[in-house]
Peer 1: 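Right, I'll just put the structure down here and ask away after.
When a residue number appears, it is its place in the shown sequence, counting from 1. Values reported hereafter were calculated over all heavy atoms of this structure, with side chains retained and with hydrogens, waters and symmetry mates removed. As the structure is a prediction and not an experimental result, all values here were calculated from the model.
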Amino acid sequence: MKLTARKTILTARRDAIHADLAMIRHELEASQPQSISGEHGAVIHALGQAGQAELEQIESALQRIAGGDYGVCTCCGAVIPAERLDSLPDILTCTGCQSRGLS
């Protein structure tokens, strides 16, 4: 897959996450504080946190693309194989560093 295709995928995913987070914010703002409680509130909160974390990873990948560092392991500097980037376009590390718990 070409770099432009990965950038398109990352951008589309970023836009979808922004939409998801907006919907979560809307639901939280539209609800009475007592109506979002317990398990439902915890799920909404967790979704928001997960979306924010993924958004940060995507933004980092897009910055690496713009800076010319995309596809290079942030730990050891090795080139990340294209197949890995095809599967995980926002990945930061090569498989070796990931297996050693480096990130």
Side-chain angles (χ1 to χ4, degrees):
M1 182 183 310
K2 293 187 178 199
L3 185 61
T4 54
R6 288 193 191 107
K7 184 176 179 180
T8 299
I9 290 168
L10 288 165
T11 302
R13 182 64 187 138
R14 178 189 62 191
D15 294 345
I17 292 169
H18 277 298
D20 290 345
L21 290 174
M23 191 169 49
I24 288 169
R25 275 191 298 275
H26 175 72
E27 184 170 338
L28 289 172
E29 291 168 358
S31 301
Q32 298 297 325
Q34 62 272 21
S35 67
I36 299 234
S37 60
E39 203 171 298
H40 182 69
V43 168
I44 289 174
H45 182 70
L47 287 172
Q49 285 185 320
Q52 190 61 45
E54 186 177 357
L55 188 58
E56 289 171 10
Q57 290 176 296
I58 290 170
E59 290 294 346
S60 176
L62 290 170
Q63 288 174 359
R64 289 192 311 277
I65 288 171
D69 297 330
Y70 182 77
V72 176
C73 178
T74 58
C75 292
C76 72
V79 174
I80 299 172
E83 298 81 23
R84 182 166 171 80
L85 292 169
D86 289 346
S87 299
L88 305 164
D90 61 345
I91 197 73
L92 294 170
T93 58
C94 65
T95 54
C97 289
Q98 184 178 11
S99 68
R100 289 190 299 275
L102 304 174
S103 57

Peer 1: Hey, could you give me the CD1/CD1 distance between Ile17 and Ile58, rounded to the nearest 0.5 Å?
Peer 2: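 Going from CD1 on Ile17 over to CD1 on Ile58, the span is 3.5 Å.
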Peer 1: Residues two or more places apart in sequence or in another chain: which of them pass side chain to side chain contact (heavy atoms under 4.5 Å, CB included) with Met1?
Peer 2: Ala5, Arg6, Ile9, Asp86
Peer 1: Could you give the distance from OG1 (Thr93) to CZ (Arg84), rounded to the nearest 0.5 Å?
Peer 2: 5.0 Å
Peer 1: Would you compute the distance between atom NZ of Lys7 and atom OG1 of Thr4 and round it to the nearest 0.5 angstrom?
Peer 2: 9.0 Å
Peer 1: Residues two or more places apart in sequence or in another chain: which of them pass side chain to side chain donor-acceptor pair (under 3.5 Å) with Glu83?
Peer 2: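 With sequence neighbours excluded, Glu83 shows a side chain to side chain donor-acceptor pair (under 3.5 Å) to no residue whatsoever.
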Peer 1: Could you measure the distance from the CD atom of Gln57 to the CD atom of Gln52? Nearest 0.5 Å is fine.
Peer 2: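 Spacing of CD (Gln57) from CD (Gln52) equals 11.0 Å.
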Peer 1: For the hydrophobic clusters of this structure (ILVMFWY residues joined by side-chain heavy atoms under 4.5 Å, transitively), does one cluster hold both Leu3 and Ile91?
Peer 2: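 Yes: a chain of side-chain contacts under 4.5 Å links Leu3 to Ile91.
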Peer 1: What is the minimum heavy-atom distance between Ala61 and Pro89, and which atoms define it?
Peer 2: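 For Ala61 and Pro89, the tightest heavy-atom pair comes out as CB-O, 4.0 Å.
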Peer 1: Evaluate Arg13 against Asp90 for side-chain contact (heavy atoms from CB on, under 4.5 Å), listing each step before the verdict.
Peer 2: CA-CA 10 Å; Arg13 182 64 187 138; Asp90 61 345; over 6 Å; no
Peer 1: Run the numbers on Val72 and Arg64 for side-chain contact (heavy atoms from CB on, under 4.5 Å), then give the verdict.
Peer 2: CA-CA 9 Å; Val72 176; Arg64 289 192 311 277; over 6 Å; no
Peer 1: To the nearest 0.5 angstrom, please state how far the NZ atom of Lys2 sits from the OG1 atom of Thr8.
Peer 2: 12.0 Å
Peer 1: Between Ile65 and Leu10, is the side-chain contact (heavy atoms from CB on, under 4.5 Å) condition met? List the steps.
Peer 2: CA-CA 10 Å; Ile65 288 171; Leu10 288 165; 3.9 Å; yes
Peer 1: Return the CD1 to CG distance between Ile80 and Leu85, rounded to the nearest 0.5 Å.
Peer 2: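 Answer for the CD1-CG pair, Ile80 versus Leu85, is 5.0 Å.
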